[in-house]
Amino acid sequence: MYQFNYVKAKSLAEAGRLLAKHSEAKLVAGGMTLIPTLKQRLAHPSHLVDVAQLSELQGIKAKGGKVEIGAATRHHQVATSAVVKKAIPALAHLASVIGDPQVRNRGTIGGSLANNDPAADYPAAALGLGATIVTTQREIAADAFFQGMFATALKDGEIVVRVVFPVPKRAAYSKFAHPASGYAMTGVFVAQTGDGVRVAVTGAGPGVFRWKEAEAALAKSAKPAALEGLALDASGFNSDIHADAEYRANLVRVMAKRAVAKLGRK
Ligand SMILES: Cc1cc2nc3c(=O)[nH]c(=O)nc-3n(C[C@H](O)[C@H](O)[C@H](O)COP(=O)(O)OP(=O)(O)OC[C@H]3O[C@@H](n4cnc5c(N)ncnc54)[C@H](O)[C@@H]3O)c2cc1C
């Protein structure tokens, strides 16, 4: 049987206090990852601290060339937000292809980033756009936030409050979804920013990563052909019953080219 105390936090401060007081407590937001984990007995928290309803973690707004999204914002809200669609349509598109309608109506952006599943979509957008993850303790650049499979820079008791995305000149996301779950077998997010081109890859390796060779090539020519024959080290890529490392490496190239082709259509 499950044995934990469920607490609906009344404020961010209370959620923080509960995490500090109970070392085995865990946050729950959409529960889309945590509940299956509990069902498989892979986690045994003493307390579940629900933050999904906290007002401090809600809201989407555009401000000074940036889009801020509260951590408890659900995928469906991002996918259908007029603000996101106008400022960063690729981000709205990415949210619209996560999982299925049930997952999109429960899962949250903060939960997805904190979980950092190697096949999740949001990490590609956060890294590709050079987002900043704002927590109860500090601001963390996406480049420093993602630290490999299910690993992030978050410390014990640190809560993601919001994510700040700089608005790019143009951006696009292309994913080859697993037909059952919707998770990315490979997904590539390409963004043209004032500082150059960023290319973030999810699903292929043990964690989201930037494909630097592609960034350099696309900075010279933002066309799919620029990616032909480009170096891509697949030695650390995932191999499983769905696809081996070489297949995933090929998918990276194909998805990257498709994303770049979409850039050209905007
Ligand atoms: C069938 C299925 C298909 C899916 N398909 C996809 C897909 O195609 N693409 C994709 O990207 N994802 C997919 N997901 C995952 C989904 O997007 C989840 O919403 C997401 O991974 C976790 O978000 P959540 O809000 O449900 O977090 P929860 O499950 O509530 O929590 C996940 C983890 O994050 C922590 N956490 C939650 N909120 C915070 C916070 N604010 N600060 C710090 N830590 C926090 C929790 O303690 C927990 O460790 C799928 C899930 C399912 C069940």
Side-chain angles (χ1 to χ4, degrees), residues 30 57-99 103-105 107-114 116 120-135 139-146 160-177 182 184 186-203 208-211 214-215 218-219 222 224 255-266:
L57 306 187
Q58 314 297 328
I60 298 176
K61 62 180 174 206
K63 206 168 91 180
K66 297 187 170 157
V67 173
E68 295 189 8
I69 303 182
T73 308
R74 300 184 194 282
H75 309 330
H76 177 71
Q77 292 174 296
V78 175
T80 55
S81 157
V83 171
V84 181
K85 281 186 185 177
K86 185 169 174 220
I88 318 179
L91 182 59
H93 163 70
L94 175 145
S96 79
V97 295
I98 294 176
V103 169
R104 291 196 290 277
N105 277 286
T108 67
I109 188 169
S112 177
L113 293 179
N116 192 19
D121 296 290
Y122 272 129
L127 192 61
L129 289 164
T132 301
I133 292 91
V134 181
T135 76
E139 298 190 354
I140 310 171
D143 282 300
F145 185 82
F146 302 107
V160 178
V161 178
R162 61 183 174 278
V163 191
V164 182
F165 294 95
V167 175
K169 289 182 185 159
R170 297 189 298 175
Y173 181 60
S174 196
K175 116 162 149 173
F176 189 89
T186 291
V188 180
F189 197 99
V190 179
Q192 278 185 317
T193 74
D195 297 331
V197 181
R198 291 173 71 102
V199 179
V201 179
T202 189
V208 66
F209 67 92
R210 283 174 67 186
W211 184 13
E215 293 179 356
L218 292 170
M255 293 304 114
K257 281 187 195 168
R258 286 188 190 170
V260 174
K262 279 198 227 175
L263 279 183
R265 290 200 291 271
K266 284 185 185 147

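It should be emphasised that the depicted structure is a prediction, and the values quoted were computed from it without experimental measurement.
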Specify the closest pair of heavy atoms between [X] and [Y], including all atoms of both residues, with the distance to one decimal.
| X | Y | answer |
| --- | --- | --- |
| Ala222 | Arg170 | CB-NH2, 4.5 Å |
| Phe165 | Ala131 | CD2-CB, 3.7 Å |
| Phe145 | Leu113 | CE2-O, 3.4 Å |
| Ile109 | Gly70 | CG2-O, 3.4 Å |
| Thr193 | Pro168 | CG2-CB, 4.5 Å |
| Ala259 | Val190 | CB-CG2, 3.8 Å |

Say you draw a straight line from [atom1] of [X] to [atom2] of [Y]; how long is it, rounded to the nearest 0.5 Å?
| X | Y | atom1 | atom2 | value |
| --- | --- | --- | --- | --- |
| Gln77 | Ile60 | CD | CD1 | 6.0 Å |
| Arg258 | Phe176 | CZ | CZ | 8.0 Å |
| His93 | Ser174 | NE2 | OG | 6.5 Å |
| Leu263 | Lys169 | CG | NZ | 12.0 Å |

query: Checking side chain to side chain contact (heavy atoms under 4.5 Å, CB included) for the pair Thr186/Thr202: CA distance, chi angles, key distance, verdict?
result: CA-CA 6 Å; Thr186 291; Thr202 189; over 6 Å; no

Within-4.5 Å side-chain heavy-atom neighbours: [X] and [Y]:
| X | Y | result |
| --- | --- | --- |
| Leu129 | Ile88 | yes |
| Phe209 | Val199 | no |
| Thr132 | Ile140 | no |
| Phe189 | Asp121 | no |
| Leu94 | Tyr122 | yes |

- request: For Val160 and Val134, run side chain to side chain contact (heavy atoms under 4.5 Å, CB included): C-alpha distance rounded to whole Å, both residues' side-chain angles, the deciding distance at 0.1 Å, then the answer.
  value: CA-CA 6 Å; Val160 178; Val134 181; over 6 Å; no

Quick check: does any side chain N or O of [X] sit under 3.5 Å from a backbone N or O of [Y], one acting as donor and the other as acceptor?
| X | Y | answer |
| --- | --- | --- |
| Ser112 | Thr108 | no |
| Lys61 | Ile69 | no |
| Arg74 | Arg104 | no |
| Lys175 | Val97 | yes |

- prompt: Can we say Arg198 and Glu215 salt-bridge, meaning some charged N sits less than 4.0 Å from an Asp/Glu carboxylate O?
  reply: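 Looking at Glu215 together with Arg198, the answer is no, because their closest N to O distance does not fall below 4.0 Å.
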
query: Step by step, would you call Lys63 with Val164 a side chain to side chain contact (heavy atoms under 4.5 Å, CB included)?
result: CA-CA 10 Å; Lys63 206 168 91 180; Val164 182; over 6 Å; no

message: Is it the case that atom CG in Asn105 sees more than 12 heavy atoms from other parts of the structure closer than 6.0 Å?
response: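 Yes.
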
